[in-house]
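Below is one structure, written out as structure tokens, with a few remarks after it.
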Amino acid sequence: MERSASGKNKWRSPRLVSLAAAALSVVALLILATMVSSGSISASVAANARSLHWANSLLGSAALVRAANAQAVVFAVDHNLGVASDEALEAALTEARVVRESLDASVKLQPVDAVSDPDLDAAIDRFLIVDEQVRIQIERGSVGAAVELSQGDFEVAFEGLERILTGEQASILQAIEETETASGRVASIATVIVTLLIPGAAISIYFLLARRQIRERRLSMESQLVAARELARVKDEFIASLSHELRTPLTSIYGFSELLLRDGVEDTVQTTELVTIINTESSELMRMVEDILTGARLDSGALTFDITAMDILPEIENVVEPFRRAGLEVTLSCLPAIVTADRMRFRQVLRNLISNAQKHGGSRIAIGTQVRGTDLVLAVVDNGPGVPIEIEGRLFERFVHDGSRALLTGSVGLGLAIARNLTEAMNGTLNYERIEDHTVFSMTLRVAASNSGALAIGRIRPSAGTLHPAVDGPRAA
């Protein structure tokens, strides 16, 4: 019996050792498997993060190339029309080249382990080729071909590249989600194994940080995509609106000038009428181009002002006269006054206000002035229906729209915004209000210190019969 017990104990001892060794081996294998799995998941997370960052960078660079390309086309059109200088066109082309170089650099940074659509390389090559072709056409002076390429093949190439990259991002995000699922399983196994509690906690913390980083990058990528698409949409709408509004006066100018060249000037009445129309359309075209250039200079901080003391009455007459020659009836009720302003910018503001009243106001327009303390108020009044209440707060913003429909038709959406910006730059204000069923735009400027005597007129009040601002009579300032 003792031998039997002894033999049994001897048999159990090696068995226990074997079981312990097996258990340790299993634990070691589990540890090794967990470590290998952790390393693989970490590598996958890093690879996915690199791929997502590259796709985001490439799409953002492509959007910038698209915007720079469109800008170069716009300057080429302006240059062809004679409203943009050689330097401005070259600056636009230089910016397009710089942005293109940034895109080339992004393409070269493609991660080796990035999972990519087999059509991606072809889409990138096509986009780069068409972009280069647009610039070549501009440099050759073939503006029409450049516009056609930009609005046709270039847009198609961008949309194809955007579609592929968006699909890439979706695939990468799915891979990230799968990686997160795998990391959860590893964390569960690590929790079961007591000896891996601390390493498991460290891995869990690591994956939480990685997950947070991925989420932040995803949010950043989405916000950048939204911003890029919104920028592209606004630019497209602006270019389309600009093309339409510039084409309208250009069509009239070209058509009536062709008629004059063909029929001569035998009928002096008809000739005078056609020349008047050409002059009016040319003036409107110059006003729109001036607003566009002024807006660009305001944004870049390149607009300068020469604030001096000036007599306001001759300036008002100077601005109103072309409108009167074109057949517009404008009633003046103004007295001489000396104000501090930039002469050229004052004319631009008043021209925009009269043009706005002509397009969107009533059939009768009046201009009046009055002095309020140290300020002079100039009001442009019309008997039109006014502005819808829901957009009064946004009236002086650029490109005011209601969905896809322009609220201020017949303009590029810059006139009132430019007018307010210029007025404020001259230390004045520009406001809108409805008074007795009349539309009133009030421009306030500082009265010059050299003013003296009776500069003021009475309260500006639309008259129901004549639409003249009511004058209570001169009074001392």
Side-chain angles (χ1 to χ4, degrees), residues 312-313 315-317 319-320 323-324 328-337 339 341 345-398 400 402 407-411 413-424 426-447 454-477:
I312 197 170
L313 187 55
E315 301 304 324
I316 295 175
E317 293 283 359
V319 175
V320 170
F323 287 97
R324 286 176 170 169
L328 182 66
E329 294 185 7
V330 181
T331 303
L332 297 184
S333 183
C334 308
L335 290 179
V339 298
R345 302 306 173 192
F346 171 79
R347 292 180 182 180
Q348 184 176 357
V349 172
L350 183 56
R351 194 181 302 118
N352 281 0
L353 294 179
I354 298 175
S355 179
N356 181 72
Q358 180 185 18
K359 290 180 178 180
H360 311 295
S363 58
R364 292 177 294 169
I365 301 173
I367 300 176
T369 59
Q370 70 174 138
V371 172
R372 297 176 183 171
T374 59
D375 294 329
L376 180 134
V377 181
L378 183 149
V380 178
V381 186
D382 68 76
N383 62 338
V387 177
I389 297 177
E390 61 270 17
I391 68 162
E392 283 189 9
R394 300 185 291 127
L395 183 59
F396 293 97
E397 296 179 5
R398 298 187 185 184
V400 178
D402 181 9
L407 291 173
L408 300 178
T409 57
S411 68
L414 292 175
L416 293 179
I418 294 298
R420 170 168 278 188
N421 288 336
L422 293 180
T423 303
E424 291 177 349
M426 294 186 291
N427 301 316
T429 60
L430 179 62
N431 297 297
Y432 161 84
E433 59 182 333
R434 289 285 292 175
I435 302 177
E436 300 179 8
D437 297 326
H438 290 82
T439 297
V440 180
F441 282 91
S442 302
M443 177 186 183
T444 302
L445 295 173
R446 297 285 179 84
V447 175
L455 299 179
I457 64 173
R459 293 179 296 106
I460 298 176
R461 184 177 70 250
S463 171
T466 63
L467 194 65
H468 290 192
V471 180
D472 294 338
R475 73 182 175 199

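The structure displayed is predicted, hence computed values, not measured ones.
The line from SG of C334 to CD1 of I316 is 4.0 Å long, rounded to the nearest 0.5 Å. In this structure, L430 CG and N421 CG are separated by 10.0 Å, a value rounded to the nearest 0.5 Å. Residue L313 holds its CG atom at 7.5 Å from CG of L332, rounded to the nearest 0.5 Å. Between the CG atom in D437 and the CD1 atom in I435 there is a gap of 11.0 Å [rounded to 0.5 Å]. Expressed to the nearest 0.5 Å, how far OH of Y432 lies from OG of S442 amounts to 11.5 Å. Taking CD1 from I418 and OG1 from T423, the interatomic distance works out to 10.5 Å, rounded to the nearest 0.5 Å.
Atom CD of E433 has more than 12 heavy atoms from other residues, nucleotides or ligands within 6.0 Å. Heavy-atom contacts from other residues, nucleotides or ligands closer than 6.0 Å to CZ of R446 number 12 or fewer.
Screening L350, T331, V319, V381 against I367 for a side-chain contact (heavy atoms from CB on, under 4.5 Å) leaves a single residue, L350.
The backbone N or O of T444 lies less than 3.5 Å from no partner atom in the side chain of D375, so there is not a single donor-acceptor pair. In terms of modelled atom types and a separation under 3.5 Å, the side chain of D382 and the main chain of I365 share no donor-acceptor contact. Side-chain N or O atoms of N356 include none that pairs as donor or acceptor with a backbone N or O of N352 at under 3.5 Å.
A heavy-atom distance below 4.5 Å is not found between the side chains of L445 and L378.
Checked for salt-bridge contact, R364 and E329 miss the test: no charged N lies under 4.0 Å from a carboxylate O.
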>> For a side-chain contact (heavy atoms from CB on, under 4.5 Å) check, start with the C-alpha distance between V339 and F346, then their side-chain angles and the critical distance, and finish with the verdict.
In response: CA-CA 11 Å; V339 298; F346 171 79; 6.0 Å; no
> Could you walk me through whether R351 and Q348 pass the side-chain hydrogen bond (donor to acceptor under 3.5 Å, both in side chains) check?
Replying inline: CA-CA 5 Å; R351 194 181 302 118; Q348 184 176 357; 5.9 Å; no
>> Before you tell me yes or no, could you show the steps for V320 and R324 under side-chain contact (heavy atoms from CB on, under 4.5 Å), namely the whole-Å CA-CA distance, both residues' side-chain angles and the distance that decides it to 0.1 Å?
In response: CA-CA 6 Å; V320 170; R324 286 176 170 169; 3.4 Å; yes
>> Walk me through whether M443 and V349 qualify under side-chain contact (heavy atoms from CB on, under 4.5 Å).
In response: CA-CA 9 Å; M443 177 186 183; V349 172; 3.8 Å; yes
> Given the rule in the side-chain contact (heavy atoms from CB on, under 4.5 Å) test, do R345 and M426 qualify, once you have shown the distances and angles that lead to the verdict?
Replying inline: CA-CA 9 Å; R345 302 306 173 192; M426 294 186 291; 4.0 Å; yes
